[in-house]
Amino acid sequence: MEFTYEEFKKAIYSMTQIDLNSYKERQMKRRIDTLIGKSEAGNYEEYVKLIKNDKQQFNDFVTYLTINVSEFYRNPDQWQFMDKEIFPELIRKFGNQLKIWSAACSTGDEPYSLVMALSRYVPLNQIKIYATDLDKVILEKAKTGLYAQKSIMNVPEDLRKKYFTQIGPSYKIADEIKARVEFKQHNLLKDIYQMNYHMIVCRNVLIYFTEEAKDEVFRKFYNSLAPGGVLFIGSTEQIVDYKDIGYTRKNSFYYQKP
């Protein structure tokens with residue numbers, strides 16, 4: 001009897017707690033079929049056995065599945081808005097010790113960008129960014145803090161000179177920046193969200209989710225924000241029913257909990 005994609009999704013959930021039903025099926029199935037085609041497995045059942053018995057193949061699968069595309073200060077104009085409007089307002093409301101969550105943080109570019117941007121207003125020793133991702137392998141890469149030149153191109157020149165050291169073709173971020181970020185594994189669709197964040201940043205991740213899953217996450221973010229807190233989303237995303245959830249919109253990518 002053929003091992004179907006439905007059975008494959010159940011097997012993956014039992015192994016990883018990643019619910020493939022929350023992703024757009026055609027797109028995700030195509031990605032997985034391509035990955036299996038490159039492996040020594042001939043079908044879904046054989047691929048499940050392969051990743052169960054080979055840690056490297058398992059790690060490669062999770063990394064491939066979680067779609068890690070990231071860079072520092074992605075969409076610089078949106079970060080300028082944060083610098084000029086968002087941080088000053090949040091500091092006025094909540095003081096220097098802001099509680100900020102970088103959700104689905106990928107290779108760490110985003111939380112490290114947040115530390116550097118906030119360092120213009122707040123002493124480094126008062127900054128703490130919580131950064132989470134589903135993928136343990138990518139979190140380990142984030143903790144290493146080594147990046148290609150292309151990843152850091154949008155970092156403002158003064159911060160780039162101050163906080164990056166070139167090592168061969170790569171650039172290492174300063175330990176004093178790394179020390180301000182706490183990385184943890186977290187599943188946006190399954191795990192509990194902490195409360196009373198002053199800012200949540202989750203960008204260019206939910207585009208891969210179904211409309212139902214997106215709505216669920218945006219509502220959870222709303223509940224997780226302190227009154228007056230701000231959600232920063234990606235340039236490829238929008239919250240269609242933001243008023244129904246309770247948000248007010250500050251601009252196209254920043255939503256506030258009144």
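Being a predicted model, the structure only gives us computed values, none of them experimental. Values below: every heavy atom of this structure, side chains too, minus hydrogens, waters and symmetry copies.
- The nearest pair of heavy atoms linking A131 to C105 is CB-SG, 3.8 Å.
- At least one side-chain heavy atom of D241 sits under 4.5 Å from a side-chain heavy atom of R219.
- At least one donor-acceptor pair closer than 3.5 Å links the side chain of D54 to the backbone N or O of Q57.
- Applying the ring pair (Phe, Tyr, Trp, His ring centres under 6.0 Å) test between Y112 and each of Y163, Y171, F183 identifies F183 as the sole match.
- Under the 30°/60° scheme for interplanar angles, the aromatic rings of Y73 and W79 are found to be tilted.
- Remark: side-chain polar atoms of E237 are paired, donor with acceptor, to backbone N or O of L206 under 3.5 angstrom.
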Check the pair N21 / K9 against side-chain hydrogen bond (donor to acceptor under 3.5 Å, both in side chains), numbers first and verdict last.
-> CA-CA 7 Å; N21 288 312; K9 288 190 289 187; 2.7 Å; yes
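- The main-chain N or O of R74 is found under 3.5 Å from a side-chain atom of R203 such that the two form a donor-acceptor pair.
- Taking both residues in full, the closest heavy atoms of D109 and F72 are given as O-CD2, 3.4 Å, listed atom of the first, atom of the second, then distance.
- With contacts defined as side-chain heavy-atom distances shorter than 4.5 Å, the pair M82/Y254 qualifies.
- For NZ of K10, the number of neighbouring non-hydrogen atoms (other residues, nucleotides, ligands) closer than 6.0 Å is 12 at most.
- The shortest side-chain heavy-atom distance between F87 and V122 does not fall under the 4.5 Å cut-off.
- Nearest heavy atom pair, residue I233 against residue S252, reads CD1-O, 4.5 Å.
- The neighbour count for E6 CD, taken as heavy atoms of other residues, nucleotides or ligands under 6.0 Å away, is above 12.
- Put simply, the side chain of I100 reaches to within 4.5 Å of the side chain of L118, judged on heavy atoms.
- Heavy atoms of other residues, nucleotides or ligands lying less than 6.0 angstrom from CE of M153 number 12 at most.
- Residues F61 and V48 form no side-chain contact, since every pair of their non-hydrogen atoms from C-beta on lies 4.5 Å or further apart.
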Salt bridge (Lys or Arg N to Asp or Glu O under 4.0 Å) between E157 and K161: does it pass, once the steps are laid out?
-> CA-CA 6 Å; E157 188 178 0; K161 285 180 177 176; 3.2 Å; yes
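- For E85, the side chain to side chain contact (heavy atoms under 4.5 Å, CB included) partners two or more places apart in sequence, or in a different chain, are F81.
- Aromatic ring centres of F221 and Y193 lie closer together than 6.0 Å.
- Relative ring orientation between Y47 and F8 is described as tilted, the plane-to-plane angle lying within the 30° to 60° band.
- Residues S151 and T107 are not in side-chain contact: their nearest non-hydrogen atoms beyond the backbone lie 4.5 Å or more apart.
- Screening residues 245-258 for salt bridge (charged side-chain N to carboxylate O under 4.0 Å, His left out), with sequence neighbours left out, gives E89-K250.
- Formation of a donor-acceptor pair under 3.5 Å by the E46 side chain with backbone atoms of G42 is found in this model.
- The number of heavy atoms from other shown groups lying within 6.0 Å of CD (Q166) is above 12.
- The number of heavy-atom neighbours closer than 6.0 Å to NZ of K220, taken from other residues, nucleotides and ligands shown, is above 12.
- Counting only distance, with no hydrogens or angles, the side chain of K99 and the backbone of M195 share a donor-acceptor pair below 3.5 Å.
- Counting all heavy atoms, side chain and backbone alike, I36 lies closest to N43 at CG2-O, 4.2 Å.
- The shortest non-hydrogen separation linking A226 to H198 is CB-CD2, 4.2 Å.
- By the neighbour-count criterion of 12 heavy atoms within 6.0 Å, atom CD1 of I192 is sparsely surrounded, having that number or fewer from other residues, nucleotides or ligands.
- Other residues, nucleotides and ligands place more than 12 heavy atoms under 6.0 Å from the NZ atom of K93.
- No side-chain heavy atom of K190 sits less than 4.5 Å from a side-chain heavy atom of D19.
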Output, in order, the C-alpha distance, side-chain angles, deciding distance and verdict of salt bridge (Lys or Arg N to Asp or Glu O under 4.0 Å) for E211 and K214.
-> CA-CA 5 Å; E211 293 306 314; K214 275 188 220 176; 3.0 Å; yes
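- Contact check for K178 versus D175: side-chain heavy atoms found under the 4.5 Å cut-off.
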Might you work through the side-chain hydrogen bond (donor to acceptor under 3.5 Å, both in side chains) test for Y44 and D33, ending with a clear yes or no?
-> CA-CA 9 Å; Y44 294 129; D33 289 347; 2.6 Å; yes
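- Contact record, R180 with L124: NE-O, 2.9 Å, taken as the closest heavy-atom pair.
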